Amino acid sequence: MSESIPAALHHSQIIDLTTTGRRSGQPRRIEIFLHYDDGQLFITGMPRSDRTRDWIRNIEADPHVVIHLKQSAVVDVNATARVVTDPDERRPYIEAAARRWRRTDIPEMLEHSPLIVLTVEDHADHQPDQ
């Protein structure tokens, strides 16, 4: 992996995330916010109690994702995503996201916000899709 990619990954930013559709098997791409805090990449979202988001269900079925960087570097990075459901493990990630977003509803976020932790694959350096 070139040196510019870790540098680009090591700050929070808007990215695109591609998952594999759990039923269709087709790539599903969404725009979402990537967090970087205390050496860890993660994605969370606004709390919703009415449904589980499709991208979370897709990751539960297939944890391989592509992070599409599009700000300080334009590159696609392969990663593995892990859905975090344990309340004690969720707390530091949710609190970091709440600080960044200046939110005060941490209990609601802990209960209803999606959360994945990302592990970047070292051999993932390639050009973005055209």
Side-chain angles (χ1 to χ4, degrees):
M1 183 180 301
S2 74
E3 293 178 23
S4 64
I5 296 170
L9 283 168
H10 292 162
H11 70 276
S12 299
Q13 61 190 298
I14 294 174
I15 62 156
D16 286 348
L17 181 73
T18 295
T19 62
T20 301
R22 67 191 177 284
R23 288 185 278 217
S24 70
Q26 298 299 308
R28 300 290 182 224
R29 188 168 174 154
I30 60 168
E31 184 175 74
I32 198 159
F33 196 86
L34 175 70
H35 295 275
Y36 179 78
D37 191 74
D38 197 25
Q40 186 63 61
L41 293 169
F42 65 98
I43 294 173
T44 189
M46 296 300 145
R48 283 195 65 176
S49 62
D50 61 332
R51 68 178 177 90
T52 300
R53 289 159 178 95
D54 288 338
W55 59 271
I56 289 288
R57 292 189 190 277
N58 292 345
I59 289 167
E60 289 172 336
D62 181 350
H64 299 95
V65 300
V66 179
I67 301 167
H68 306 277
L69 297 177
K70 55 186 189 176
Q71 291 182 339
S72 62
V74 178
V75 67
D76 297 342
V77 179
N78 293 322
T80 302
R82 180 174 60 86
V83 178
V84 179
T85 58
D86 177 80
D88 292 332
E89 186 180 1
R90 289 172 59 81
R91 181 169 290 283
Y93 297 110
I94 295 296
E95 288 175 347
R99 278 191 307 275
R100 184 161 292 114
W101 292 336
R102 297 187 175 117
R103 293 181 66 103
T104 58
D105 59 343
I106 292 172
E108 184 179 355
M109 289 180 71
L110 279 168
E111 188 171 348
H112 298 296
S113 291
L115 175 62
I116 61 171
V117 172
L118 297 160
T119 303
V120 171
E121 298 172 10
D122 288 337
H123 61 283
D125 185 3
H126 64 277
Q127 295 301 309
D129 295 336
Q130 299 297 321

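When reading the values below, keep in mind they use all heavy atoms of this one structure, side chains included, and skip hydrogens, waters and symmetry mates. Bear in mind that the values here come from a model prediction, so they are computed numbers and not experimental data.
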Test side-chain contact (heavy atoms from CB on, under 4.5 Å) applied to Thr85 - qualifying residues, sequence neighbours left out | Val83
Return the set of residues passing side-chain contact (heavy atoms from CB on, under 4.5 Å) with Pro47 (not counting sequence neighbours), or none when no residue passes.
-> Arg103, Asp105, Glu108, Met109, His112, Ser113
For Asp88, salt bridge (Lys or Arg N to Asp or Glu O under 4.0 Å) partners two or more places apart = none
What are the two closest non-hydrogen atoms of Ala81 and Ile59, and how far apart are they?
-> CB-CG2, 3.6 Å
Residues which pass salt bridge (Lys or Arg N to Asp or Glu O under 4.0 Å) with Arg99, listed by chain and number, not counting sequence neighbours | none
Name every donor-acceptor pair, under 3.5 Å, that has one atom in a side chain of residues 34-43 and the other anywhere in the protein, sequence neighbours excluded.
unit_1: His35; atom_1: ND1; unit_2: Arg100; atom_2: NH1; d: 2.9
unit_1: Gln40; atom_1: NE2; unit_2: Leu118; atom_2: O; d: 3.1

Hits for side chain to side chain donor-acceptor pair (under 3.5 Å) against Thr19, two or more places apart or cross-chain, chain-then-number order -> Asn58
Report yes if the side chains of Arg90 and Leu115 come closer than 4.5 Å at any heavy-atom pair, otherwise no.
-> yes
Residues two or more places apart in sequence or in another chain: which of them pass side-chain contact (heavy atoms from CB on, under 4.5 Å) with Arg91?
-> Glu95, Ile106, Leu110
Is there a side-chain contact between Val65 and Thr18, using heavy atoms and a 4.5 Å cut-off?
-> no
Who are the side chain to side chain donor-acceptor pair (under 3.5 Å) partners of His10, not counting sequence neighbours?
-> none
For Arg82, enumerate each residue passing the side-chain contact (heavy atoms from CB on, under 4.5 Å) test, keeping only those at least two apart in sequence or located in another chain.
-> Val84, Glu89, Val117
Can you see which heavy atom on Arg22 is nearest to which on Ala61, and at what distance?
-> CB-CB, 3.6 Å
Report whether Leu69 and Trp55 are members of the same hydrophobic cluster (ILVMFWY, side-chain heavy atoms less than 4.5 Å apart, transitive linking).
-> yes
Pair Asp76-His68, side-chain contact (heavy atoms from CB on, under 4.5 Å): steps then yes or no | CA-CA 4 Å; Asp76 297 342; His68 306 277; 2.7 Å; yes
In chain order, what residues pass the salt bridge (Lys or Arg N to Asp or Glu O under 4.0 Å) check against Arg48, with sequence neighbours excluded?
-> Asp50
Tell me, please, which residues at least two apart from Glu31 pass side chain to side chain donor-acceptor pair (under 3.5 Å).
-> Lys70
May I have the step-by-step check of side-chain contact (heavy atoms from CB on, under 4.5 Å) for His64 and Thr80, ending in yes or no?
-> CA-CA 5 Å; His64 299 95; Thr80 302; 4.2 Å; yes
Name all residues meeting the side chain to side chain donor-acceptor pair (under 3.5 Å) criterion together with Ser24; count only those two or more places apart in sequence or in a different chain, and write none if there are none.
-> Arg28
